[in-house]
Visitor: 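Below is the structure I would like to discuss, written out as C-alpha cells.
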Amino acid sequence: MAIETLPDFLSAEKCGRLVIKIGSALLIDDGGDVRCEWLRSVITEVKAARDRGQDVVIVSSGSIALGAARLGVSGGGRRTLSEAQACAAVGQIALAGAWAELLWEQGLVAAQMLLTLDDLEERSRYLNISATFSRLLGEGVVPVVNENDTIATDEIRFGDNDRLAARTAQACTADGVILLTDVDGLYDRHPAQPGAQRLPEVRGVTEEIHRMAGGESGSGVGTGGMTAKLLAAELAERAGIALSIMDGTPMNPIGRTMETGGGTLFLPKRDDSGRRAWIGGRLRFAGALTVDEGCVRALEAGKSLLAAGITGVTGRFERGDVLPIHAPDGRMVAKGIVEYGHEEAAAILGKSIEDQQAILGHAPRSCVVHRDHLVLL
Ligand SMILES: Nc1ncnc2c1ncn2[C@@H]1O[C@H](COP(=O)(O)OP(=O)(O)O)[C@@H](O)[C@H]1O
Ligand SMILES: N[C@@H](CCC(=O)OP(=O)(O)O)C(=O)O
C-alpha cells in the first residue's frame with residue numbers, strides 16, 4: 001500500500017520506512033547553537049513513529065552553520081570550499097553529539113552515516129550503504145545522515161541535503177520523505193510575493209512546477225532553496241517514493257502539519273524497481289551518448305539502444321557505467337547502463353550489427369544499452 005494522503009506518512013502500513021530531513025535554519029539558532037527544545041519535540045515524533053512500527057532515518061543539515069559559529073567564521077552560503085569543510089568538520093562532531101544525546105534521552109540509539117554523492121552513485125558502495133541501513137533499522141537504531149562535507153570536492157558535492165535525502169530514501173528503500181523547512185510547502189511563486197498560493201498536492205514535477213521556485217535560500221543559512229527541494233521531489237518521484245515539504249518551525253512540526261493540513265505532498269507517477277530507480281537517480285556521468293530522432297522514437301517505444309542510432313559519443317566511460325542519452329536537440333531523454341567502454345562505443349557508432357564484428361574484432365553485444373537497463377525521462 002502506497003502513500004496517497006498526508007496522514008499516510010504516519011501509518012506503518014503505508015509508510016513502513018520514513019526519511020525526515022531537517023534544514024540548518026531549523027536546527028541551529030541565530031547564536032549558532034542547536035535548538036535543543038525544538039529538536040526534542042521532533043524526536044518525540046520520531047519516537048512515536050518508531051512505537052507505531054515505522055523505521056525512521058534522519059537527514060540532518062547544520063554542521064556548517066554550527067561549525068561556523070564555533071570558529072567565528074561568517075559569510076553565509078558564500079564560503080570557500082575549504083572554509084565550509086573546516087566548519088563542517090567542527091560542526092559535525094557537535095551535531096552528531098546533540099543527536100545521539102537527545103535521541104538517547106528518549107530511549108533511541110543513534111548511528112551516524114556520512115555520505116557523498118560518489119558513495120551513492122557507485123553501485124557497490126550504494127549496495128553497501130543499503131545493507132548498512134537495513135541492518136541498523138533492523139536493530140531499531142535511528143540513522144542520522146549528513147553529507148560527508150569534509151571530503152567531498154565541489155564537483156562531487158550534493159551541496160544540499162534535499163537531494164541527499166531523496167537518494168538516501170532510495171538507498172534505504174523508504175516509502176516517504178518529509179523535508180522539514182521554514183516554509184509550509186511549495187507556493188506558485190516566491191511566498192514573499194503578493195498573491196502566492198500554496199500547492200497542497202503535486203503529481204509529477206513538471207517544468208512549470210520548477211519555474212515556481214526561486215533559486216536562493218530564504219533563510220540565508222540553508223542552501224539550495226526551493227529549487228533543491230523540487231529536484232529532490234523529482235528524484236523521489238522517479239523512485240516511486242512520496243515526498244512532503246512541511247513547515248518545520250513550530251514545535252512538533254509533523255503532527256502540527258497534519259492538524260493544519262498544510263505542506264505540499266508530491267506523489268510519484270509510477271513505481272520503479274530499485275535498479276531502475278538507481279539508474280534514473282544518477283546525477284554524475286563519465287560521458288554521454290547522442291542519438292538520432294528515429295532512435296529517440298525507438299527508445300520511447302520501449303526498444304533497446306542500438307549502435308546504428310548513435311550519432312555522438314563523449315567522455316571516457318567503461319562498460320557498466322550509467323550514461324545520459326541525448327536527443328539531437330540536446331535534451332536528455334533517457335539514462336542507461338552502457339554495454340561498451342568509450343573506445344568501442346565510438347568505434348561502432350552509427351554501424352549496423354553486421355558491420356560491428358569486423359570493427360570490434362569480437363562478436364558484438366545485442367545492443368549498446370539494453371531496454372531493461374534504460375530509464376526514460
Ligand atoms: N515557490 C516557492 N515556494 C516556497 N518557498 C520558496 C519558493 N521559492 C523560493 N522559496 C524559498 O525557499 C526557502 C526554503 O529553502 P531553504 O532556505 O534552502 O531551506 P532549508 O534550509 O530548510 O533547506 C523558503 O524559505 C523560501 O524563501
Ligand atoms: N551538509 C551541510 C548541509 C547543507 C544543506 O543542505 O543545508 P540545508 O539547505 O539547510 O538543508 C551541513 O550539514 O551544513
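When reading the values below, keep in mind they use all heavy atoms of this one structure, side chains included, and skip hydrogens, waters and symmetry mates. Note that ligands are numbered from 1 as they come in the structure, with each ligand's atoms numbered from 1 the same way.
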Visitor: Counting both backbone and side chain atoms, is some N or O of Asp162 under 3.5 Å from an N or O of ligand 2?
Guide: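 The answer is no, given that Asp162 and ligand 2 share no N or O pair closer than 3.5 Å.
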Visitor: Would you say Gly62 contacts ligand 2, with heavy atoms under 4.0 Å as the rule?
Guide: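 Distance cut 4.0 Å: Gly62 passes for ligand 2.
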Visitor: Out of all atoms in ligand 1, which are within 4.0 Å of some heavy atom of Lys21? Include the element for each.
Guide: 23 (O)
Visitor: After noting the C-alpha distance and the side-chain angles of Glu208 and Arg211, does the key distance pass the salt bridge (Lys or Arg N to Asp or Glu O under 4.0 Å) rule?
Guide: CA-CA 5 Å; Glu208 191 193 346; Arg211 277 196 296 272; 5.8 Å; no
Visitor: Between Ala25 and ligand 2, does any nitrogen or oxygen pair lie at a separation below 3.5 Å?
Guide: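 No, no N or O pair falls under 3.5 Å.
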Visitor: Taking distance alone, with N or O pairs closer than 3.5 Å, would you say Leu186 contacts ligand 1?
Guide: no
Visitor: Between Ser24, Ala65, Gly23, Gly91, which one has a non-hydrogen atom sitting closest to atom 7 (O) of ligand 2?
Guide: Ser24
Visitor: Can you sort out which atoms of ligand 2 are near Asn146, meaning under 4.0 Å from one of its heavy atoms?
Guide: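 Here the atoms of ligand 2 in question are 1 (N), 2 (C), 12 (C), 13 (O).
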Visitor: Taking only residues two or more places apart in sequence, or in another chain, which ones meet Asp8 in a salt bridge (charged side-chain N to carboxylate O under 4.0 Å, His left out)?
Guide: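 With neighbours one apart ignored, the set is Lys14.
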Visitor: Just jot down the ligand 2 atoms closer than 4.0 angstrom to any heavy atom of Asn161, in number order.
Guide: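 In order of number, 1 (N), 3 (C), 5 (C), 6 (O).
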Visitor: With a heavy-atom distance limit of 4.0 Å, tell me whether Lys21 approaches ligand 2 through its side chain, its backbone, both, or neither.
Guide: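 It is the side chain that touches ligand 2; the backbone stays farther off.
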Visitor: Would you please say whether a donor-acceptor pair under 3.5 Å links the side chains of Asn146 and Gln92?
Guide: yes
Visitor: Non-hydrogen atoms of Lys229 versus ligand 1: any pair closer than 4.0 Å?
Guide: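 Yes, Lys229 has a heavy atom closer than 4.0 Å to ligand 1.
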Visitor: Using heavy atoms and a threshold below 4.0 Å, how should the contact between Val183 and ligand 1 be classified: side chain, backbone, both, or neither?
Guide: side chain
